[in-house]
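For clarity, every value in this text was computed on a predicted model and none was experimentally measured. In what follows, chains carry the letters A, B, and so on, assigned in the order in which the sequence lines appear, proteins first and then strands, with residues in each chain numbered from 1.
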2 protein chains.
Amino acid sequence: MSTIRQTLTADDWAEAALDALAEDGVRAVAVEPLARRLGVTKGSFYWHFASRRMLLQAALALWERRETDEVLARAAEETDPRKRLARLFREADGSRRAGRLYLALANATDSPLITEVVRRVMAHRLAFLRECYAAMGADAETAAARAAMAYSMFLGMLQLRRDAPEAIPEGERFHEYMHLVGEALIPGYERALVRR
Amino acid sequence: MSTIRQTLTADDWAEAALDALAEDGVRAVAVEPLARRLGVTKGSFYWHFASRRMLLQAALALWERRETDEVLARAAEETDPRKRLARLFREADGSRRAGRLYLALANATDSPLITEVVRRVMAHRLAFLRECYAAMGADAETAAARAAMAYSMFLGMLQLRRDAPEAIPEGERFHEYMHLVGEALIPGYERALVRR
DNA sequence: ATTACTCCATACGCTAGCGTATGGCAACCG
DNA sequence: CGGTTGCCATACGCTAGCGTATGGAGTAAT
């Protein structure tokens with residue numbers, strides 16, 4: 001049987017906050033709606049947290065740790081920088097929830113609490129991308145530029161998938177699409193990665 | 001002297017709504033805050049509009065018309081599809097306000113009113129991009145794929161410029177950056193557009 | 001069995017924003 | 001000069017959400 005607990009924990013609330021965040025944005029991370037969602041009242045919430053702000057902080061901490069770990073895990077699995085990038089982009093299509101979470105957080109331009117964390121995660125990812133391009137022999141400036149391009153494409157894909165999923169090819173054609181993306185963003189992509 | 005009017009018009013309210021939208025997102029499009037901003041009370045607002053919803057509708061109509069006109073204007077000025085695309089991307093760096101407006105609207109995933117308009121504008125732009133690529137000799141599928149890529153890059157640049165402007169090269173280096181973008185997204189870019 | 005501690009429910013006050021009702025003032029109109 | 005109309009202020013009720021205060025049921029310990 002699954003973990004049915006009679007009593008909630010702070011992490012349960014944080015997790016529910018992330019769920020609400022991914023589905024309906026920051027405005028949905030509200031005490032009373034979350035309480036209804038969890039089948040309790042806010043009396044429960046204010047036992048576990050001092051304020052809504054603290055809940056956000058906890059949820060953000062969870063999110064940042066996971067995003068960071070995820071990148072490190074991806075980095076460890078693949079040594080060839082070109083394959084790293086290719087894999088990274090394929091996985092961008094992965095978790096719908098992760099994408100929506102990122103978009104929801106990145107677009108909370110109020111709330112300095114959130115923008116700070118987003119900023120760190122973004123810097124982390126950009127650095128990772130820069131290292132990939134540097135490992136392919138690019139000088140620092142070119143690596144930074146290509147990293148910005150690649151990350152832009154990544155962000156745009158998230159948004160396009162959310163707002164106009166029909167614009168991105170499905171299933172069979174998706175691989176051809178990612179092939180085009182690889183050619184555009186990874187110098188020497190065809191020469192290095194396509195088996196012939 | 002500039003147009004100092006003693007009495008506001010519905011368009012003044014709609015314009016103020018777009019300003020608030022660009023600066024602080026959809027949540028800032030609120031009757032009473034806008035009234036304070038305009039130096040009046042909401043008594044004025046409810047004379048010009050029946051509800052907040054109607055204000056949003058008016059502001060969206062303004063926005064959509066301008067975005068559409070803008071694209072048409074760009075399309076008329078340049079016939080070579082490659083140069084069209086290059087110009088389009090250079091201008092993506094143009095109006096900060098336009099970019100923030102788009103992001104604010106695109107991220108209002110609630111409010112069907114907004115998502116509908118955003119959807120139309122997006123479809124319009126994607127069609128424009130597809131035509132550019134088709135005019136360069138791409139078959140329908142490839143044109144659609146490249147259009148999606150180009151639009152993704154565009155969206156990503158908007159977001160990156162908002163959230164991490166330091167990641168995008170400034171001034172002198174910006175042109176080299178856009179050159180890289182052109183190479184990545186416009187087949188035959190170097191051959192066709194670079195003077196030597 | 002009494003005590004203490006954990007987790008939650010209930011009830012309350014407070015704020016911001018939406019929408020309504022009504023009054024007022026100035027300009028124009030007859 | 002009196003009336004009408006256009007534009008706005010003021011005052012009110014209503015809702016959703018934040019935070020607080022307090023009570024209460026269950027459990028564990030002594």
Dump every N/O contact between nucleotides 24-28 of chain D and the protein below 3.5 Å, one line per pair.
none

Check: Side-chain N or O of A/H48 less than 4.0 angstrom from OP1 or OP2 on C/dT6?
Finding: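 Looking at the OP1 and OP2 atoms of C/dT6, neither is under 4.0 Å from any side-chain N or O of A/H48.
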Checklist line | Where at least one partner belongs to residues 91-118 of chain A, residue pairs that pass ring pair (Phe, Tyr, Trp, His ring centres under 6.0 Å), sequence neighbours excluded | finding: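 As it turns out, there is no ring pair (Phe, Tyr, Trp, His ring centres under 6.0 Å) pair with a partner in residues 91-118 of chain A once direct neighbours are skipped.
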Next item on the list: Name all pairs fulfilling the ring pair (Phe, Tyr, Trp, His ring centres under 6.0 Å) condition that reach into residues 111-153 of chain A, sequence neighbours left out, sorted by first residue then second.
Entry: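 Matches after skipping sequence neighbours: A/Y151-A/F154.
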Next item on the list: Would you check if A/L34 and A/L55 make a side-chain contact, meaning some heavy-atom pair closer than 4.5 Å?
Entry: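 Yes, at least one pair of side-chain atoms sits under 4.5 Å.
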Check: Under a 4.5 Å cut-off applied to non-hydrogen side-chain atoms, are B/M149 and A/Y177 in contact?
Finding: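 A side-chain contact exists here, since the closest heavy-atom pair is under 4.5 Å.
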Note to self: Please encode protein proximity along nucleotides 10-23 of chain C as a string of B, S and -, counting only heavy-atom distances under 4.0 Å.
What the structure shows: BB-----BBBB---
Output the distance between atom [atom1] ([X]) and atom [atom2] ([Y]), rounded to the nearest 0.5 Å.
X     : Y      : atom1 : atom2 : result
A/R52 : A/Y46  : CZ    : OH    : 9.5 Å
B/R82 : B/I186 : CZ    : CD1   : 8.5 Å
A/L60 : A/L21  : CG    : CG    : 7.5 Å

Item checked: Whole-Å distance separating the CZ atom of A/F49 from the P atom of C/dT6 ->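 A/F49 atom CZ is separated from C/dT6 atom P by 17 Å.
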Margin query: Expressed as a whole number of angstroms, how long is the span from B/D12:CG to D/dC7:P?
Written below: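 Value for this atom pair: 11 Å.
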Item checked: Members of residues 18-25 of chain B that approach DNA chain D, where some heavy atom sits under 4.0 Å away ->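 The answer is none.
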Margin query: Would you say that more than 12 heavy atoms from the other residues, nucleotides or ligands in this model lie under 6.0 Å from the CZ of A/R173, or not?
Written below: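 No, CZ of A/R173 has 12 or fewer neighbouring heavy atoms, counting only those of other groups under 6.0 Å.
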Margin query: I'd like to know if the side chain of B/H48 reaches the main chain of B/L8, judged simply by a donor and an acceptor atom lying under 3.5 Å from each other, with no hydrogens or angles considered.
Written below: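 Flag set: sc B/H48 to bb B/L8 pair under 3.5 Å.
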Margin query: I'd like to check the side chain to side chain contact (heavy atoms under 4.5 Å, CB included) partners of A/A164; sequence neighbours left out, ordered by chain and number.
Written below: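 Applying side chain to side chain contact (heavy atoms under 4.5 Å, CB included) to A/A164 gives A/L160, A/E166, A/A167, B/M122.
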